[in-house]
> 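Input: one structure, supplied below.
What you see is a predicted model; the values in this text were computed from it and never measured. Protein chains get the first letters and strands the later ones, always in sequence-line order, with residue 1 at the start of each.
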There are 2 protein chains.
Amino acid sequence: MSNSDAARAASIGLAVSTVIFALRDADGAPRATPPSAGGQGTDAPATVWLPLVRRIREPQCGRWALPGGMVELDESLEGAARRNLAETTELQPTYLEQLYAFGDVNRSPDRRLVSVVYWALVRPDEAAQVTLGENVQWFPADDLPELAFDHNLIVDYALWRLRTKMEYSAIAHAFLGDEFTLAELRGVYEAVLQKPLDPANFRRQMESSGAIEATGGVVTGGRHRPPKLYRYTGDVQLVDAGPLTPRIPA
Amino acid sequence: MSNSDAARAASIGLAVSTVIFALRDADGAPRATPPSAGGQGTDAPATVWLPLVRRIREPQCGRWALPGGMVELDESLEGAARRNLAETTELQPTYLEQLYAFGDVNRSPDRRLVSVVYWALVRPDEAAQVTLGENVQWFPADDLPELAFDHNLIVDYALWRLRTKMEYSAIAHAFLGDEFTLAELRGVYEAVLQKPLDPANFRRQMESSGAIEATGGVVTGGRHRPPKLYRYTGDVQLVDAGPLTPRIPA
DNA sequence: ACAAAAGTGTTCGGGTTACACCCATGG
DNA sequence: CCATGGGTGTAACCCGAACACTTTTGT
């Protein structure tokens with residue numbers, strides 16, 4: 001073994017991976033419009049999906065895995081996550097947050113590898129633009145095949161974080177565009193939490209939270225009474241988004 | 001530059017650091033007994049402290065820093081944190097959880113370094129056994145000097161996590177021994193949250209939570225009515241302790 | 001006019017807050 | 001017996017769940 005090999009073998013590899021969440025119809029259709037909160041109505045209820053990439057080299061060649069790659073010397077961890085996302089799925093996520101660092105000794109059969117994992121939320125229109133192919137496909141987050149390495153564990157943890165954080169933070173708007181109706185926003189909550197919500201109480205909770213405000217516009221062309229449009233105010237902090245925003249709103 | 005040097009320089013260094021929290025008297029006394037919940041009584045109120053080590057080599061030589069070190073090839077991230085804790089402070093923490101991975105490009109002026117940071121809670125009697133010296137000292141968490149690297153930011157974030165988590169999880173018992181009185185437990189909450197709590201309501205909340213149970217014993221020798229002793233039941237999950245315990249109690 | 005979704009009002013019950021009050025012990 | 005903290009009781013209050021009801025549109 002040469003000096004060069006020794007030095008390489010003695011270093012711990014540092015990678016990033018990202019769990020990308022988007023809402024799609026339960027049957028897998030790309031869903032151009034946001035989820036319109038119809039639990040058992042004409043619309044199929046939306047569910048949480050994520051894109052995976054097929055590994056094309058050993059180890060674990062052929063298995064589906066989270067998009068990711070090695071961290072370069074001149075990029076931050078989040079920068080590496082964004083670069084890999086752009087390279088593999090052409091996505092620029094609305095929301096991106098560090099999830100956890102996975103570093104068990106034997107998590108990769110090849111060499112010692114530590115992965116800093118991020119999780120991301122993207123809008124349905126963004127998700128529809130992902131270039132699918134033989135090696136990039138969407139999967140329902142609650143029903144995954146056996147993935148490479150410890151990626152099943154990682155996705156389960158990310159999904160748990162998404163669902164628990166949805167209940168105390170204002171991340172739901174990351175699944176929507178700038179303007180949205182309360183029914184669309186409620187549809188996001190129902191899709192993620194997998195339970196119906198009372199429209200009346202949901203409206204009051206959102207209005208009293210100060211997280212949203214009416215834009216003044218309405219959505220015409222629907223079959224029924226035109227709903228008001230709202231936007232996210234930004235007044236409410238997204239708590240626990242990392243060490244740079246550690247403060248709870250006063 | 002030889003091949004060996006190139007390989008070494010091209011790798012990203014992986015380190016672990018730990019923010020260790022303990023409760024001590026506001027004046028810095030090591031406090032043999034747990035905090036007995038006397039906000040403005042005879043006892044000085046307890047506050048959150050942490051041990052720091054003085055750097056004895058460049059870069060940032062002479063500055064105070066979090067205990068930590070490089071991750072070895074054959075140890076997990078948490079294993080590396082525990083080993084470094086034992087080596088520098090001889091502490092075996094009751095509670096240890098991953099906090100965040102810090103990896104900005106310029107966070108270390110020397111070489112590219114990514115630090116996976118853990119946070120720990122230790123009991124007062126353990127904390128008192130830390131071998132102090134010229135290069136290991138306790139500091140109040142809310143009033144730190146300028147630390148090495150980005151360690152001020154890290155401690156602030158850890159402190160925020162401690163305080164927010166105290167409000168929805170059952171981590172307070174990690175500051176206490178196996179048996180404790182309700183006044184001692186309340187003292188922990190008051191010290192961390194920095195506000196007085198109603199003894200009557202605190203008692204009912206703890207009893208109804210199912211997190212504690214009476215041992216049957218009482219503390220005699222006090223000046224007043226002997227308080228009952230309680231123990232932590234373990235029925236209540238410590239939520240958000242990482243991907244291995246991602247489930248909320250039913 | 002009717003269906004269906006948008007939006008409002010009201011009641012009910014559990015949980016938290018504030019504080020009055022009794023209990024037990026050492027001095 | 002009194003001061004002090006341990007421990008119990010209780011009424012006011014807040015907030016979310018449940019659901020009846022009104023409004024507004026397209027067909």
Side-chain angles (χ1 to χ4, degrees), chain A residues 33-46 166-170 176 179-190 193 195-230 236, chain B residues 33-46 166-168 176 179-190 193 195-231 236 249:
Chain A
T33 32
S36 44
Q40 63 281 24
T42 61
D43 234 348
M166 184 78 66
E167 296 192 334
Y168 68 88
S169 182
L176 300 171
E179 298 194 343
F180 47 85
T181 67
L182 276 172
E184 289 169 349
L185 186 61
R186 181 164 51 87
V188 171
Y189 276 84
E190 290 179 340
L193 301 180
K195 65 181 179 185
L197 298 176
D198 186 301
N201 297 328
F202 182 81
R203 165 182 304 276
R204 274 184 291 260
Q205 287 169 11
M206 285 298 143
E207 284 173 342
S208 67
S209 76
I212 61 171
E213 62 185 1
T215 67
V218 294
V219 177
T220 56
R223 280 182 297 278
H224 309 296
R225 174 173 175 172
K228 294 181 191 170
L229 280 170
Y230 291 83
V236 176
Chain B
T33 33
S36 45
Q40 62 281 24
T42 60
D43 234 348
M166 183 79 67
E167 296 192 334
Y168 67 88
L176 300 172
E179 298 196 343
F180 47 85
T181 68
L182 276 171
E184 288 168 349
L185 186 61
R186 180 164 52 88
V188 172
Y189 276 84
E190 290 179 342
L193 301 180
K195 65 180 179 186
L197 298 176
D198 186 301
N201 297 328
F202 181 81
R203 164 183 304 276
R204 273 185 291 260
Q205 287 169 8
M206 285 298 142
E207 284 173 342
S208 67
S209 75
I212 62 170
E213 61 184 4
T215 67
V218 294
V219 178
T220 56
R223 278 183 296 280
H224 310 296
R225 174 173 174 173
K228 294 182 193 170
L229 280 171
Y230 291 83
R231 77 167 65 90
V236 176

> Spell out, as yes or no, whether a donor-acceptor pair under 3.5 Å connects the side chain of A:S208 to the backbone of A:Q205.
yes

> Measuring from atom CG of A:N201 to atom CZ of A:R203, what distance do you get when rounded to the nearest 0.5 angstrom?
11.5 Å

> For the OH atom of A:Y230 and the CD atom of A:E207, what is their distance to the nearest 0.5 Å?
4.5 Å

> Can you tell which of C:dT25, C:dA4, C:dG7 lies closest to the side chain of B:H224?
C:dT25

> For nucleotides 15-19 of chain D, tabulate all protein N/O to nucleotide N/O atom pairs closer than 3.5 Å, reporting atom names and distance.
{"residue": "D:dA17", "atom": "OP2", "partner": "A:Q205", "partner atom": "NE2", "Å": "3.1"}
{"residue": "D:dA18", "atom": "N7", "partner": "A:N201", "partner atom": "ND2", "Å": "2.9"}
{"residue": "D:dA18", "atom": "N6", "partner": "A:N201", "partner atom": "OD1", "Å": "3.2"}
{"residue": "D:dA18", "atom": "N6", "partner": "A:R204", "partner atom": "NH2", "Å": "3.3"}

> Is a donor-acceptor contact shorter than 3.5 angstrom present between the side chain of A:R225 and the base of D:dT23?
yes

> Can you tell me how far CD of B:E190 sits from CG of B:L185, rounded to the nearest 0.5 angstrom?
10.5 Å

> For D:dG7, take OP1 and OP2 only and decide whether either is under 4.0 Å from a side-chain N or O of B:R203.
yes

> What is the distance, rounded to the nearest whole Å, between atom CD of B:E207 and atom P of C:dT16?
13 Å

> To the nearest 0.5 Å, how far apart are CD in A:E179 and OG1 in A:T215?
4.0 Å

> Separation of B:L185 atom CG from D:dG6 atom C1', in whole Å?
15 Å

> In whole angstroms, how far is the P atom of C:dA6 from the CZ atom of A:F180?
15 Å

> Evaluate the criterion side-chain contact (heavy atoms from CB on, under 4.5 Å) for residue pair B:V218 and B:L229; output intermediate values, then yes/no.
CA-CA 5 Å; B:V218 294; B:L229 280 171; 6.0 Å; no

> I need the NZ-C1' distance between B:K228 and C:dT25, as an integer number of Å.
16 Å

> Over how many whole Å does the gap from A:L197 atom CG to C:dA6 atom C1' extend?
17 Å

> When the distance from CZ of B:R186 to C1' of D:dG7 is rounded to whole Å, what number comes out?
11 Å

> If I take atom CZ from residue B:R186 and atom CG from residue B:D198, how far apart are they, to the nearest 0.5 angstrom?
8.0 Å

> Measure the distance from CE on B:M206 to P on C:dT17 and round it to the nearest whole Å.
12 Å

> Within this structure, what is the CD1-to-C1' distance between A:I212 and C:dG7, rounded to whole angstrom?
13 Å

